[in-house]
Amino acid sequence: MSLKIYNTLTNEKELFVPIHPGKVGIYLCGPTVYKESHIGHAVGPVIFDAFKRFLCYKGFKVMLIVNITDVDDKIIDQAAAENCNVRELAERITRQYLDAMAQLGVTGIDQMPKASEHIPDIINLIERLINKGSAYVSGGDVYFDVMRFESYGKLSNRKMEDQTGRREVLGQGKRHPNDFALWKSAKPTEPAEVGFDSPWGRGRPGWHIECSAMSMKYLGDTFDIHGGGMDLIFPHHENEIAQSECCTGKNFAKYWMHNGLTRFNTKKVSKSDPEMQRAMEKMTLSHLLNTYGGEMLRFFILSTHYRRPIEFSDTEMESKQKSLNGFYRLFDRLERLTSHSPYDEKQPTLHKPQVEIYPEKHHAFIQDILVMRNEYLDMLDDDFNTAGAIGTLFKYSNSINRFLDQNQAETIQDETVRFLALSAARSLVEDARVLGLFVEKPPKTSDHAPDHLREDLIGLLVRLRADAKKDKNFALADRIRNELSTLGISLVDHPGGTQWTFADR
RNA sequence: GGCGACGUGCCCGAGUGGACUAAGGGAGCGGUUUGCAAAACCGUGAUUCGCCGGUUCGAAUCCGGCCGUCGCCUCCA
């Protein structure tokens with residue numbers, strides 16, 4: 001089966017045919033770095049990282065670009081509020097964002113261009129637009145002239161007439177209310193570090209132009225897929241299309257993929273919504289990664305189809321955590337049985353030609369697994385249905401556990417059964433890795449163990465030893481004292497009880 | 001006001017014309033197993049997919065209307 005994806009431009013599921021056979025260029029709109037990133041900012045990168053892995057699995061050579069918008073009004077405002085340097089703020093937030101991406105296993109981004117480092121490209125693009133008559137200078141500002149782009153509104157299905165109903169406000173020096181800034185002149189109150197020299201005086205780029213400049217720089221005038229959150233369709237992506245296509249005279253992106261927005265209490269998670277601000281603490285990436293870990297968050301995001309809204313809540317996170325643990329337990333079970341880990345790439349997966357080498361009574365199980373592999377990949381081919389694909393991963397897990405139970409794998413030493421199950425689990429892991437799941441074995445020790453755990457455990461042993469002494473089981477009592485001693489903990493009995501100390505104290 | 005999305009069992013969530021007698025997960029209940037517990041496994045749950053009409057041999061799935069929730073039109077992943 002071949003890949004179909006839903007294209008916002010046509011409002012249809014389309015067969016995916018890359019512009020250049022075998023190669024795919026993807027541009028995803030990244031964050032504006034002015035406040036700590038929240039769960040919503042992880043959705044796009046996780047989905048597109050997983051999508052890239054899937055495309056690579058299918059044999060495409062993929063270039064994935066995610067931008068960082070580090071020149072923007074909001075960064076200036078926030079820096080002023082925090083009384084810090086604009087560049088420093090942007091860099092700090094960017095570092096946090098990159099750290100979160102690493103924890104989420106987002107490894108597929110080839111370039112993360114920053115707006116501030118592409119000012120010449122942006123200026124060049126604006127100049128071309130002015131020369132073509134699609135943009136005009138007004139004071140120190142430059143505006144895009146939407147009347148010059150016939151198909152303005154083709155992405156968001158908006159008609160020009162509809163627009164004027166709500167906001168009649170004709171911006172300072174704008175010819176049409178929908179005209180948007182390509183270049184904004186510097187204001188006297190703004191800090192010096194946010195200004196750049198341009199043919200129109202000192203200033204900085206408008207919001208949409210950096211994405212046009214950077215996407216075309218890295219992927220060419222026309223590229224395969226442009227992605228982002230659904231809230232960007234208008235005006236951001238609409239404006240990107242307008243300015244890019246006016247400039248080059250060519251189609252901009254062939255497919256537009258928009259992910260659903262994350263909600264909390266049915267409302268969109270947003271940095272700028274004051275009501276959301278109060279709940280934001282538990283939705284920042286740093287908090288979520290600390291409490292749940294990267295794989296769990298990734299699993300959570302991919303458990304919903306990308307075009308749907310994700311309903312975030314702690315109870316749902318906990319529910320998902322439990323289901324994810326089921327996979328870990330299965331992997332542990334196989335490791336106990338075979339002394340090999342399903343994470344180990346040297347262990348074989350299940351393949352069709354292998355069927356005959358196993359006894360006939362196991363053929364049904366093998367068939368089962370092979371069917372699931374196909375089902376899994378079919379799901380991903382159908383508009384990248386990761387939710388459905390993860391559903392089949394659960395079926396895999398159930399099937400393997402059942403096979404082990406039925407063959408009493410723990411009590412009957414049947415290496416065929418055990419290693420067949422291991423191979424099946426290896427297939428599961430390999431399939432999951434197409435989405436970037438189960439790439440690495442999670443650490444066994446809990447990072448969240450409280451500091452007092454060590455003391456509590458010693459206390460427990462001391463109490464058990466007291467019970468042993470009461471039962472006159474002095475052999476056990478002495479053993480506990482001796483073994484603790486070799487661990488550097490001395491136990492000293494007093495009439496009132498037992499006192500323990502670390503030997504080095 | 002304009003544009004758009006969504007409404008599936010207790011919760012989450014796939015399915016978008018026939019294999020749906022609606023996947024899967026979490027919770028619940030009953031069972032197998034177990035010294036006990038946990039885990040695992042088995043069984044159980046929507047005669048029904050917001051409501052009302054229509055198209056069709058056939059609809060959760062297409063069309064129309066209504067209700068509800070949310071998003072965009074100002075900054076947003």
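In the text below, chain A, chain B and the rest are named by the order of the sequence lines, each starting its count at 1.
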How is Gly30(A) classified with respect to the nucleic acid when contacts are heavy atoms under 4.0 Å: base, sugar-phosphate, or nothing?
sugar-phosphate

Roughly how many Å apart are rA23(B) and rG31(B), using the P atom of each and rounding to a whole number?
25 Å

Selected nucleotide, minimal atom distance to Arg158(A) side chain, candidates rA77(B), rG15(B), rG2(B)
rG2(B)

Do His237(A) and Phe252(A) have ring centres separated by under 6.0 Å?
no

Does rC70(B) have its OP1 or OP2 closer than 4.0 Å to a side-chain nitrogen or oxygen of Lys268(A)?
no

If you measure from the P atom in rU69(B) to the same atom in rU61(B), how many Å do you get, rounded?
22 Å

Would you mind reading off the distance between His208(A) atom NE2 and rC73(B) atom C1', rounded to a whole angstrom?
12 Å

Hey, does the Lys NZ or Arg CZ of Arg307(A) hover above the aromatic six-ring of Tyr6(A), less than 6.0 Å from the centre and inside 45° of the axis?
yes

Distance under 6.0 Å and angle within 45° of ring axis: Arg433(A) vs Phe438(A):
no

Among rC12(B), rC73(B), rG26(B), find the nucleotide with the atom closest to the side chain of Lys320(A).
rC12(B)

Please classify the nucleic acid contact of Asn398(A) as base, sugar-phosphate, or nothing, using heavy-atom distances under 4.0 Å.
sugar-phosphate

Counting just side-chain N and O atoms, does Asn401(A) come under 4.0 Å of either OP1 or OP2 of rC41(B)?
yes

Reckon His236(A) touches a base, only the sugar-phosphate, or nothing at all at heavy-atom distances under 4.0 Å?
nothing

Among rG26(B), rA14(B), rA77(B), which is the nearest nucleotide to the side chain of Val43(A)?
rA77(B)

On RNA chain B, check which nucleotide each of Gly326(A) and Asn11(A) is closest to and give me the residue with the more 5' one.
Asn11(A)

Students often get this wrong, so: under 4.0 angstrom with heavy atoms, is Leu232(A) touching a base, only sugar-phosphate, or nothing?
sugar-phosphate

Integer-rounded Å distance: rA38(B) P and Arg336(A) CZ
16 Å

Counting the atoms with a prime plus P, OP1 and OP2 as sugar-phosphate, which does Ser270(A) contact under 4.0 Å by heavy atoms, base, sugar-phosphate, or nothing?
base

In whole angstrom, give me the gap between the P atoms of rC20(B) and rG28(B).
29 Å

Please measure how far the C1' atom in rG43(B) lies from the corresponding atom in rG4(B), and state the result in whole Å.
44 Å

Side-chain donor-acceptor pair present, Asp72(A), Thr32(A), cut-off under 3.5 Å
no

Within the 4.0 Å heavy-atom criterion, would you say Thr32(A) contacts the bases, only the backbone, or no part of the nucleic acid?
sugar-phosphate

Could you measure between the two C1' atoms, the one in rG58(B) and the one in rA19(B), and give it in whole Å?
14 Å

Using the P atom as the point on both nucleotides, what is the distance between rU47(B) and rC67(B), in whole Å?
26 Å

Report which part of the nucleic acid Asp73(A) touches: base, sugar-phosphate, or nothing (heavy-atom distance under 4.0 Å, all strands).
nothing

Mind checking Ser303(A) for me? I need base, sugar-phosphate or nothing, with any heavy atom below 4.0 Å counting as a touch.
sugar-phosphate

Between Phe327(A) and Phe394(A), is the ring centre distance below 6.0 Å?
yes

Taking the same atom, C1', in rG26(B) and in rC70(B), what whole-Å distance lies between them?
25 Å

Rounded to whole angstroms, how far apart are CD on Glu311(A) and P on rU8(B)?
11 Å

What distance, rounded to whole Å, do you find between the two C1' atoms, one in rC63(B) and one in rU16(B)?
14 Å

Donor-acceptor side-chain pairing of Asp383(A) and Tyr306(A) below 3.5 angstrom:
yes

Within the 4.5 Å heavy-atom criterion, are Phe331(A) and Lys441(A) side-chain neighbours or not?
no

Side-chain N,O (Lys322(A)) to OP1/OP2 (rG25(B)) below 4.0 Å
no

Less than 4.0 angstrom between a side-chain N/O of Arg329(A) and OP1 or OP2 of rA40(B), yes or no?
yes

Does the rU33(B) base have a donor-acceptor partner in the side chain of Arg402(A) within less than 3.5 Å?
no

With a non-hydrogen cut-off below 4.0 angstrom, is Gly40(A) in contact with a base, only sugar-phosphate, or nothing?
base

Taking only the side-chain nitrogens and oxygens of Arg308(A), find out if one of them lies under 4.0 Å from OP1 or OP2 of rC12(B).
no

